[in-house]
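Below is one structure, written out as structure tokens; the observations come after it.
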Amino acid sequence: MSAHQLSGRAVLQTVREDLAAYRAVITPARLRVTVMRFEPSEGDPDPWRYRMEASRISAEQKVRAFSHLGFAVDHVVLPGTVSAAEFADRIDACNTDEATRAVIEQFPPPARLVPLVQRLDPAKDIDGLLGGRSLQRACATADGISRIVEPFAEGATVAVVGARGFVGSGVMRLLADRNIALLPLDQGDDLRRAAGADIVVSTAGSAHLLTPEHIRPHHRVVVDSGFSPRADGTVAGDIHPRAAPLPQNITPVPGGATPKRLPDVMSITCSSSWWAVRGAFRGCLRFLLEGCRCRSRCVPER
């Protein structure tokens, strides 16, 4: 018996239609969103090139999502050799441009540039990039994962593989806020301990990391947040194909890891166009990129 697949594809179109009304506010205001990413340099090792390919795919999804809402999107593609000064200038320019209301820096940038991301204005950080300085509790992906887990989590222990990473640490914070018991696992830990949990979330980004040794039939849901482009053009998740049929529910890669209800901020009814636009920012990111929260269940993959 195969695992039930939780997919967001079917609800995604519905949500695009629901959010289309925001264009009437956003387009006339000529508001902008900047999505910034890096390209690999010649001679970069294959693992880094694959991560940059995943970054490209993610960035293009965001460009389409924000464009759908009527934002003018600046898709900035920087070479991996860009100087620290130029990168800092790009961020500073976004900070001072009143029309630019949101900035997304695709992670990871080159390690030498990571500290410069902290130059970003917290008011324009809609994806939790600034850690404790951010106005957001976690990134949109972590929020989506936590909302998949929540309906299955009563009395459960959740193993989070990749718990110290950007997405994994956000999942840990959000689930801890809900008083859900956690089992953090990361590099150097015995990942076989995940087999004893009730739910498994994997944010490691390591193709086929978790096998039948880790994923078991008693798992209520397995959330695979891995997205690893491969040399043959396919995309692999963290869950090995032999393990994917085992749990009761699983999010497929690609096409899964979707939250279940439209963000609360989308119900904002303030007459101020600013609050309507701000609601659209957050709703666009969490909804169009991560899925739908307006249904009690995601639609099964067909």
Side-chain angles (χ1 to χ4, degrees), residues 32-67 71-97 100-122 124-131 133-134 136 138-142 162 164-170 186-187 202-209 225-238 253-254 257 285 289-290:
R32 312 188 70 84
V33 173
T34 294
V35 178
M36 202 177 303
R37 68 175 177 88
F38 291 87
E39 287 193 316
S41 301
E42 187 175 351
D44 280 345
D46 284 345
W48 181 256
R49 300 182 71 86
Y50 296 153
R51 293 187 78 179
M52 292 301 96
E53 175 64 8
S55 175
R56 179 191 67 79
I57 294 169
S58 176
E60 290 177 355
Q61 290 173 340
K62 292 168 184 173
V63 170
R64 289 194 296 270
F66 283 109
S67 296
F71 292 103
V73 182
D74 298 314
H75 185 187
V76 179
V77 181
L78 299 173
T81 56
V82 66
S83 69
E86 181 179 347
F87 183 51
D89 286 346
R90 293 270 188 175
I91 294 175
D92 292 345
C94 292
N95 287 342
T96 57
D97 179 20
T100 298
R101 298 304 179 108
V103 180
I104 299 174
E105 167 54 50
Q106 289 293 125
F107 261 63
R112 62 189 175 84
L113 301 178
V114 169
L116 294 175
V117 175
Q118 292 296 320
R119 298 174 72 99
L120 181 61
D121 181 351
K124 299 188 179 188
D125 171 24
I126 61 170
D127 204 22
L129 299 177
L130 302 181
R133 295 180 55 236
S134 178
Q136 313 304 331
C139 68
T141 300
R164 293 195 294 270
F166 176 62
V167 175
S169 61
D186 214 304
Q187 188 173 10
S202 187
T203 65
S206 181
H208 300 166
L209 174 67
S225 184
F227 191 88
S228 300
R230 312 187 83 184
D232 63 1
T234 62
V235 175
D238 289 354
V253 176
L285 185 66
L289 304 184
E290 304 300 340

Quiz item: CG of Asp92 to CG of Leu120: how many Å apart, nearest 0.5 Å?
Solution: 10.0 Å
Self-check item: Main-chain N/O of Gln118 paired with Arg133 side-chain donor or acceptor, under 3.5 Å
Solution: yes
Exercise. Pick out which of Glu60, Met36, Gln106 makes a side chain to side chain contact (heavy atoms under 4.5 Å, CB included) with Ser55.
Key: Gln106
Exercise. Without swapping roles, check the side chain of Arg49 against the backbone of Ser41 for a donor-acceptor pair under 3.5 Å.
Key: yes
Practice problem: May I ask you to test the Cys139-Val167 pair for a side-chain heavy-atom distance under 4.5 Å? | Solution: yes
Quiz item: Would you say the side-chain atoms of Asp238 pair up with the backbone N or O of Ala204, donor to acceptor, closer than 3.5 Å?
Solution: yes
Quiz item: When you measure from the side chain of Ser83 to the backbone N and O of Glu86, does any donor-acceptor pair fall under 3.5 Å?
Solution: yes
Exercise. Kindly assign one of parallel, tilted or perpendicular to the pair Phe66 and Phe71, based on the angle between their ring planes and the thresholds 30° and 60°.
Key: perpendicular
Self-check item: Heavy-atom pair of closest approach, residues Asp186 and Gly162
Solution: OD2-C, 3.3 Å
Quiz item: So do the side chains of Thr141 and Thr203 get within less than 4.5 Å of each other, counting heavy atoms only?
Solution: no
Quiz item: Between CZ of Arg56 and NE2 of His75, what distance do you get to the nearest 0.5 Å?
Solution: 9.0 Å
Exercise. Mind checking the CZ-CZ spacing from Arg51 to Phe38? Nearest 0.5 Å is all I need.
Key: 13.5 Å
Quiz item: Hey, what do you get for CG (Asp46) to CD (Glu53), rounding to the nearest 0.5 Å?
Solution: 12.5 Å
